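Below is one structure, written out as structure tokens; comments come after it.
First the proteins, then the strands, lettered A, B, ... as listed; each starts at 1. Computed from a predicted model, the values in this text were never measured in an experiment.
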Protein chains: 2
Amino acid sequence: MFIKFSWLIIKATLKMNNKEIQEQLMKGYFMQATKELLKGEGLKSLNVRNIAQQAGYSFATLYNYFKDVKELVFLCVEDFQKECAAEITQKVNGIPSGPEKIKAITKAYMAYFVQYPSVFNLFFIEKLGDIGQKQPTANLIFTFLDRLTAEEWGFCRKEFNLQENEIAKAKAELNYVTAGMLLFYMNRIQPVSYIEFAQAIDIQIDAIVDRIEINKV
Amino acid sequence: MFIKFSWLIIKATLKMNNKEIQEQLMKGYFMQATKELLKGEGLKSLNVRNIAQQAGYSFATLYNYFKDVKELVFLCVEDFQKECAAEITQKVNGIPSGPEKIKAITKAYMAYFVQYPSVFNLFFIEKLGDIGQKQPTANLIFTFLDRLTAEEWGFCRKEFNLQENEIAKAKAELNYVTAGMLLFYMNRIQPVSYIEFAQAIDIQIDAIVDRIEINKV
DNA sequence: AAATTTAATGAACATTATTAATTATTTTTA
DNA sequence: TAAAAATAATTAATAATGTTCATTAAATTT
């Protein structure tokens with residue numbers, strides 16, 4: 001009796017795992033399709049029929065795995081952050097730790113969004129709606145630049161003997177300035193050319209990061 | 001013959017004016033309706049049928065006066081800026097000219113968008129699309145805070161004998177930081193409470209404006 | 001092998017922007 | 001002033017898209 005009971009549990013557990021694995025697989029297909037379309041055609045031409053076609057299923061199938069299309073799309077945030085982080089790591093590879101590296105990371109972070117406007121829209125513009133992981137997702141986005149530069153700030157803190165709150169202020173300022181600049185450039189084409197935009201980026205970011213050396217203790 | 005010819009021209013001109021006046025009236029009705037709905041229900045429930053109903057016409061009539069709904073909506077930008085400017089002027093009325101007034105104007109500017117989220121969306125989020133006045137409209141938005149504070153910066157320049165480029169840098173930084181903060185707060189609920197948001201605003205804006213006194217010549 | 005559960009789908013519905021065809025109104029002309 | 005012409009307003013139809021639901025197909029269990 002005991003044996004049979006245990007056996008049933010094991011079987012149930014295995015089945016559960018299989019089911020979950022299967023579910024994760026299906027979610028993965030749809031997410032992969034979504035990411036490809038986002039990076040390719042962009043948000044304009046992204047719709048449930050497109051996504052499903054790219055994934056090789058019917059659009060109705062999508063709703064067996066996601067509450068709605070917003071949930072699916074926002075589940076891609078984490079993947080894009082990983083991809084972005086990888087690109088940045090590679091880009092700033094040779095630069096020695098210090099303020100210059102923080103600048104480079106921040107500029108590469110901005111460059112990523114310029115390269116993939118739909119990812120910018122996903123991160124900053126799209127309304128979160130009623131997705132389950134609303135606050136965690138928002139937080140993930142808000143803290144992204146902080147996480148990208150955390151290690152380097154730690155280095156600078158020791159190197160220049162900086163105050164914790166000075167660092168916090170600089171980090172916050174960087175986060176807000178980058179978001180604001182991207183917003184104007186991506187949504188309002190201000191400045192009107194990428195050259196000017198790149199120059200403006202240099203001015204703003206250099207100013208913020210260079211300021212920390214002045215505030216050395 | 002000459003007389004008749006002139007008469008025809010005059011008649012044509014008069015008719016033209018009447019027609020233009022009529023057209024402006026109709027546009028005004030639709031714009032008024034749009035502004036009311038935007039400030040009330042918000043962008044979510046804004047659609048051509050709503051607008052037309054509020055204006056007292058059919059939704060199809062709208063298309064006799066505007067290329068599309070985007071053109072109509074973006075034509076409201078100027079009016080909202082006037083309204084916002086008026087509110088700010090009244091709010092900072094008692095404050096004497098100087099850095100403190102620049103801070104107050106900038107904070108009132110942000111408060112306006114918090115009060116009317118749809119206006120924020122219209123200014124910063126909505127895609128411009130193919131509207132005729134694309135660049136002028138974008139420029140109007142980009143330079144708004146500059147124009148609101150221009151007079152006060154002029155005052156500070158004389159008072160503190162500031163460099164023109166220092167002012168330009170501070171203005172740009174204010175513009176970007178405010179946009180970024182609003183973007184995170186309105187679209188990503190970061191910080192999660194208005195109290196925290198207001199504190200963050202104070203920290204950022206005060207830091208930028210106070211910096212100019214340090215840079216006195 | 002039959003019964004049952006699970007997954008996938010096509011058809012239908014709802015919302016919304018836009019266009020085209022039609023009707024109503026106003027203006028012009030003879 | 002009455003017919004003709006031009007203008008304005010509206011209704012009906014179209015297209016795109018997200019979502020739901022009843023049904024079919026597949027698999028798993030008994």
Query raised in the report: Whole Å only: how far is the CG atom of A/N50 from the C1' atom of D/dG18?
Result: 13 Å
Report task. For B/F59, report the nucleic acid contact type (base, sugar-phosphate, nothing); a contact means any heavy atom under 4.0 Å. Result -> base
Query raised in the report: Between A/Y116 and A/K39, is there a cation-pi geometry (under 6.0 Å to ring centre, at most 45° from the normal)?
Result: yes
Requested in this report: Look at the side chain of B/N64 against the base of D/dA9 and say whether a donor-acceptor pair falls under 3.5 Å; ignore hydrogens and angles.
Outcome: yes
Requested in this report: Start with the C-alpha distance between B/D202 and B/K103, add both sets of side-chain angles, then the distance that settles salt bridge (charged side-chain N to carboxylate O under 4.0 Å, His left out), and finish with yes or no.
Outcome: CA-CA 9 Å; B/D202 283 342; B/K103 291 181 195 171; over 6 Å; no
Report summary line: In whole angstroms, the gap separating P of C/dA14 from CG of A/N47 amounts to 21 Å
Query raised in the report: Are the ring centres of A/F124 and A/F113 closer than 6.0 Å?
Result: yes
Report summary line: dist B/L37:CG -> B/N47:CG (nearest 0.5 Å) comes out at 8.5 Å
Query - Over-ring placement of B/R49 relative to B/F59, 6.0 Å and 45° cut-offs - result: yes
Report task. Give A/L46 one of three labels, base, sugar-phosphate or nothing, depending on what nucleic acid heavy atoms sit under 4.0 Å from its own. Result -> sugar-phosphate
Requested in this report: Select base, sugar-phosphate, or nothing to describe what A/Y65 touches, counting heavy atoms under 4.0 Å on all strands.
Outcome: sugar-phosphate
Report task. Using whole Å, report how far CG of A/L62 lies from C1' of D/dG18. Result -> 10 Å
Report task. Rounded to the nearest angstrom, tell me the gap between atom CD in A/Q53 and atom P in C/dT9. Result -> 13 Å
**Report entry** Along DNA chain C (nearest heavy atom to each residue), the more 5'-positioned of A/R49 and A/S58
**Finding:** A/S58
Query raised in the report: So, is B/T61 close to the D/dT10 phosphate, meaning a side-chain N or O under 4.0 Å from OP1 or OP2?
Result: yes
Report task. Would you kindly give the CD-to-P distance between B/Q24 and D/dA8, to the nearest whole Å? Result -> 13 Å
Report task. Please state how far atom OH in A/Y57 lies from atom P in C/dG10, giving the value in whole angstrom units. Result -> 13 Å
**Report entry** Whole-Å distance separating the CD atom of B/E23 from the P atom of C/dT26
**Finding:** 18 Å
Requested in this report: Scan B/V69 against the nucleic acid and name what it touches under 4.0 Å (heavy atoms): base, sugar-phosphate only, or nothing.
Outcome: sugar-phosphate
Requested in this report: Please report, rounded to the nearest Å, how far the C1' atom of D/dT10 is from the CZ atom of B/F30.
Outcome: 11 Å
Query raised in the report: More 5' along DNA chain D: A/A60 or A/V48, using each one's nearest nucleotide?
Result: A/V48
Query raised in the report: Considering only C/dG10, C/dT18, C/dA12, which nucleotide approaches the side chain of B/Y63 most closely?
Result: C/dT18
